[in-house]
Amino acid sequence: LHLLLHPKSIAVAGASNNPVKMGTLQALSILKDGYEGKFYPVHPTEKTVLGHKAYASPLDLPEAPDLVLLDLAMPGPDGFSVAGQMRAIGQAPIIIVSGESGEASKVRALGIGADDYLTKPFGKAELLARIAAVMRRVDRTGMPGSTSGGPLSAGNLTLEPGRHEARCGDAPLTLTP
């Protein structure tokens with residue numbers, strides 16, 4: 001499925017089996033319902049989260065995720081530090097999930113590279129809408145996985161999605177819609 005609608009991989013930092021930490025657990029449960037991509041729970045002490053192997057640090061992930069859900073209240077490292085680590089390994093959109101509704105926390109999170117800030121509690125529709133919104137922005141900016149960025153080339157074939165053009169060498173190709 002298109003990256004805009006369904007990221008292929010999602011890292012959920014702060015994911016926990018503890019029902020008290022309902023923000024990320026709720027997010028993971030919502031996403032698990034009907035989501036067919038890869039989940040990468042990140043938690044410093046849990047070994048598994050909802051049946052998925054948990055990674056102690058974002059730096060331990062087997063691949064850079066397409067989207068990051070990050071709970072600022074995760075145990076162990078400061079959530080803001082983890083956001084910085086996630087930025088260091090890639091440009092995946094980061095949605096902060098937090099019980100903190102103060103302006104200072106939101107401004108700090110957005111200032112270190114978060115793409116959105118979701119205050120707990122939240123519902124399934126809001127979470128999915130925010131994921132779709134950040135993925136639309138990624139799609140328009142030409143980041144990896146984007147369908148509207150610069151030219152894509154393989155051998156002599158060049159596709160320019162933003163211009164709706166294709167070429168083989170210098171010869172334009174006529175394509176059907």
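The analysis underlying the following values was restricted to heavy atoms, covering all of them including side chains, and did not include hydrogens, waters or symmetry mates.
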To the nearest 0.5 Å, what is the distance between CG (Leu127) and CG (Leu118)?
6.0 Å
Would you say the side chain of Ile95 lies within less than 4.5 Å of the side chain of Leu67, judging by non-hydrogen atoms?
yes
Please list all pairs passing the side chain to side chain donor-acceptor pair (under 3.5 Å) test where one or both residues lie in residues 95-104, with sequence neighbours left out.
Ser98-Tyr117
State the CD1-CG distance between Ile94 and Leu70, to the nearest 0.5 angstrom.
7.0 Å
Does any non-hydrogen side-chain atom of Asp71 lie less than 4.5 Å from one of Lys120?
yes
Nearest heavy-atom neighbours spanning Ala92 and Pro65:
CB-O, 3.0 Å
From CD1 (Ile131) to CG (Asp115), nearest 0.5 Å
12.5 Å
Any residue meeting salt bridge (charged side-chain N to carboxylate O under 4.0 Å, His left out) with Arg130, in chain and number order, not counting sequence neighbours:
Asp116, Glu126
Roughly how far, to the nearest 0.5 Å, is OG of Ser81 from CD1 of Ile112?
8.0 Å
List in chain and number order the residues that pass side-chain contact (heavy atoms from CB on, under 4.5 Å) with Asn156, two or more places apart in sequence or in another chain; answer none if no residue qualifies.
Cys168
Check whether any side-chain heavy atom of Met135 lies under 4.5 Å from a side-chain heavy atom of Pro93, and answer yes or no.
yes
Return the set of residues passing side-chain contact (heavy atoms from CB on, under 4.5 Å) with Leu157 (not counting sequence neighbours), or none when no residue passes.
Leu159, Leu173
Spacing of CZ belonging to Phe80 relative to CD1 belonging to Ile96, to within rounding of 0.5 Å
7.0 Å
